[in-house]
Amino acid sequence: MVPLFLISKLQIMNSHNVYKKLLRVYGPQGWWPLLQRSSLPGYDQEGYHPGIYKNDLQPHEQFEIITGAILTQNTSWTNVRSSMGALLEVCRKKGQILSPEFFLAMDHSELAAIIRSSGYFNQKAKKLKAVSSFYLDNRGDLTIPSRKDLLSIWGIGPETADSILLYAYHRPVCVVDAYSVRIFRRLESRGLSSGRQPAAPKEWTYDRLQQKFHSELPPEHRVYNEFHALLVEHGKHYCTSKKQKCNICPLQFDSGVD
DNA sequence: GCCCAGGAGCATA
DNA sequence: TATGCTCATGGG
């Protein structure tokens with residue numbers, strides 16, 4: 001028999017209630033930012049598009065998301081934004097579009113120099129070429145790849161693969177990142193997470209946390225889209241690795257839980 | 001100057 | 001399986 005006060009706490013912090021609360025606090029995030037659409041109505045100058053969830057991406061736009069997903073690995077978006085702008089500028093000057101062919105036509109040093117500002121530029125140049133080769137070798141038309149296929153590409157791990165599936169291909173897949181793990185670990189440490197809690201609480205691994213999200217959230221693309229973006233936004237404000245602001249965290253103290 | 005960011009691969013135990 | 005090291009720029 002679980003005490004009533006515990007039931008209410010457990011229900012409060014399942015993934016769906018975390019989602020609803022974060023959405024109320026921060027609003028729609030408009031991910032994934034598409035710089036190539038930054039001049040279109042509904043898109044801001046960085047390419048964010050809050051409230052627009054249409055599945056109408058062109059191949060060069062899908063490839064911008066794939067590129068961004070690699071460039072942002074362990075890197076802040078401001079650095080990625082700079083590299084993406086540089087890439088698109090080179091495209092424009094060469095009269096090309098962002099594509100596997102564009103990356104493969106450059107030699108390593110040229111590509112690495114263009115994406116320098118996003119850090120790890122040698123590794124990321126190699127990764128961009130690897131993912132480009134994958135598309136040209138296996139599916140030149142950018143049809144939906146399987147998660148297994150994506151994971152077989154050098155430089156693409158679980159989070160990058162799921163980001164690509166969710167944001168470039170509108171697949172209903174939850175993305176887990178360092179913020180997700182940290183936020184739910186800290187909620188759980190305060191008895192506020194609805195995770196199955198073993199006697200000795202196990203760490204939230206990628207797969208375990210993704211299963212939790214999939215089981216607790218409505219299986220809708222737009223929910224998964226916003227949830228990951230909202231966790232990132234919340235993490236930036238309240239849950240960085242060293243500076244946790246649990247004492248003023250809206251997930252714990254914002255009133256009006258649904 | 002230090003810390004960290006929208007990770008992943010690899011060596012080692 | 002799991003832990004530690006490496007990759008690197010730019011903003012706070």
Side-chain angles (χ1 to χ4, degrees), chain A residues 18-19 22 26 28-35 44 46-50 64-87 108-109 111-134 147-169 173-186 198 200-210 213 224-245:
Chain A
V18 169
Y19 161 74
L22 292 179
Y26 300 104
Q29 297 298 298
W31 278 31
W32 188 280
L34 271 174
L35 206 47
D44 71 15
E46 300 300 319
Y48 290 95
H49 43 94
E64 180 183 337
I65 295 173
I66 293 166
T67 301
I70 288 173
L71 293 182
T72 198
Q73 289 173 355
N74 205 33
T75 301
S76 61
W77 189 258
T78 53
N79 291 24
V80 177
R81 165 66 179 79
S82 174
S83 288
M84 190 66 74
L87 280 170
H108 173 90
S109 57
L111 178 54
I114 297 171
I115 63 171
R116 181 181 179 82
S117 64
S118 62
Y120 308 104
F121 47 83
N122 282 315
Q123 291 213 0
K124 286 174 179 175
K126 187 177 168 187
K127 292 175 181 182
L128 289 175
K129 282 180 171 290
V131 77
S132 297
S133 295
F134 167 81
R147 188 175 195 267
K148 183 181 175 185
D149 284 346
L150 287 172
L151 289 174
S152 73
I153 303 169
W154 188 88
I156 294 188
E159 181 183 341
T160 307
D162 289 336
S163 290
I164 290 171
L165 290 171
L166 175 65
Y167 292 106
Y169 294 103
V173 176
C174 279
V175 178
V176 176
D177 70 339
Y179 282 127
S180 316
V181 173
R182 195 180 302 142
I183 289 167
F184 277 86
R185 185 196 303 148
R186 286 178 177 168
K202 283 184 154 183
E203 286 294 307
W204 285 115
T205 62
Y206 192 103
D207 292 341
R208 254 198 294 261
L209 198 49
Q210 189 179 48
F213 292 167
Y224 292 175
N225 176 320
E226 291 292 354
F227 188 53
H228 173 55
L230 287 164
L231 285 172
V232 171
E233 186 64 15
H234 181 67
K236 286 178 184 173
H237 286 289
Y238 294 97
C239 210
T240 57
S241 59
K242 290 276 172 79
K243 296 176 185 171
Q244 46 180 309
K245 303 178 180 175

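Because the structure is a prediction, the values reported are computed rather than measured.
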If you check every side-chain atom of A:Val232, which of B:dG6, C:dG11, C:dA8 has the closest atom? B:dG6

Would you indicate, yes or no, if B:dA8 has its OP1 or OP2 atom less than 4.0 angstrom from a side-chain nitrogen or oxygen of A:Thr160? yes

Run through A:Val176, A:Val181, A:Asp177 and flag the one making a side chain to side chain contact (heavy atoms under 4.5 Å, CB included) with A:Tyr179. A:Asp177

side-chain N/O A:Trp77 vs C:dG10 OP1/OP2, d < 4.0 Å: no

Would you mind telling me which of B:dG7, C:dG10, B:dG6 lies closest to the side-chain atoms of A:Lys127? B:dG7

Heavy atoms under 4.0 Å, any strand shown: does A:Glu159 hit a base, just sugar-phosphate, or nothing? sugar-phosphate

Distance in angstrom units between A:Leu71 CG and B:dG6 P, rounded: 14 Å

How is A:Trp31 classified with respect to the nucleic acid when contacts are heavy atoms under 4.0 Å: base, sugar-phosphate, or nothing? base

Selection from B:dG7, B:dG6, C:dA8 that lies nearest to any side-chain heavy atom of A:Ala178: B:dG7

Just the rounded figure in Å: distance from P of B:dG6 to CD of A:Glu64. 18 Å

Mind checking whether A:Trp32 and A:Tyr167 have parallel, tilted or perpendicular rings, split at 30° and 60°? tilted

Please walk me through it: do A:Val173 and A:Gln210 pass side chain to side chain contact (heavy atoms under 4.5 Å, CB included)? CA-CA 9 Å; A:Val173 176; A:Gln210 189 179 48; 3.7 Å; yes

Please report, rounded to the nearest Å, how far the P atom of B:dG6 is from the CZ atom of A:Phe227. 17 Å

In this structure, how many angstroms lie between the P atom of C:dC7 and the CH2 atom of A:Trp154, rounded? 12 Å

Heavy-atom distance under 4.5 Å between the side chains of A:Ile115 and A:Thr67, does that happen here? no

Side-chain contact check for A:Tyr179: nearest option of C:dT9, B:dG6, C:dA8 is B:dG6

Return the 5'-most residue of the pair A:Thr205, A:Asn74 with respect to DNA chain C, ranking by each residue's nearest nucleotide. A:Thr205

Nearest-angstrom distance, P atom, B:dC10 to C:dA8: 14 Å

When the nearest nucleotide of DNA chain B is assigned to A:Cys239 and to A:Ile153 on a heavy-atom basis, which residue is associated with the more 5' position? A:Cys239

Spacing of CG belonging to A:Leu71 relative to NZ belonging to A:Lys127, to within rounding of 0.5 Å: 10.0 Å

Closest of C:dG11, B:dG6, C:dA8 to the A:Thr78 side chain is C:dG11

Have a look at A:Ile156 and say if it touches a base, only the backbone sugar-phosphate, or nothing, with a 4.0 Å heavy-atom cut-off. sugar-phosphate

Send over the distance from A:Lys236 NZ to B:dG6 C1', rounded to a whole Å. 7 Å

In whole Å, what is the span from the CD atom of A:Gln123 to the P atom of C:dT9? 13 Å

Classify A:Tyr48 by what it touches in the nucleic acid, base, sugar-phosphate, or nothing, heavy-atom distance under 4.0 Å. base

Is there a side-chain contact between A:His228 and A:Glu159, using heavy atoms and a 4.5 Å cut-off? yes

Side chain of A:Arg182 only, please: which of C:dT9, C:dC7, B:dA5 is the nearest? B:dA5

State which of C:dT9, C:dA8, B:dA5 makes the closest approach to the side chain of A:Asn122. C:dA8

In whole angstroms, the gap separating P of C:dT9 from CD1 of A:Ile70 amounts to 19 Å

For C:dG4 versus B:dG6, give the span between their P atoms, rounded off to a whole number of Å. 23 Å

Nearest-Å distance, CD1 (A:Ile65) to P (B:dG6)? 18 Å

Look at the side chain of A:Tyr120 and decide which nucleotide, out of C:dT9, C:dA8, B:dG9, has an atom nearest to it. C:dA8

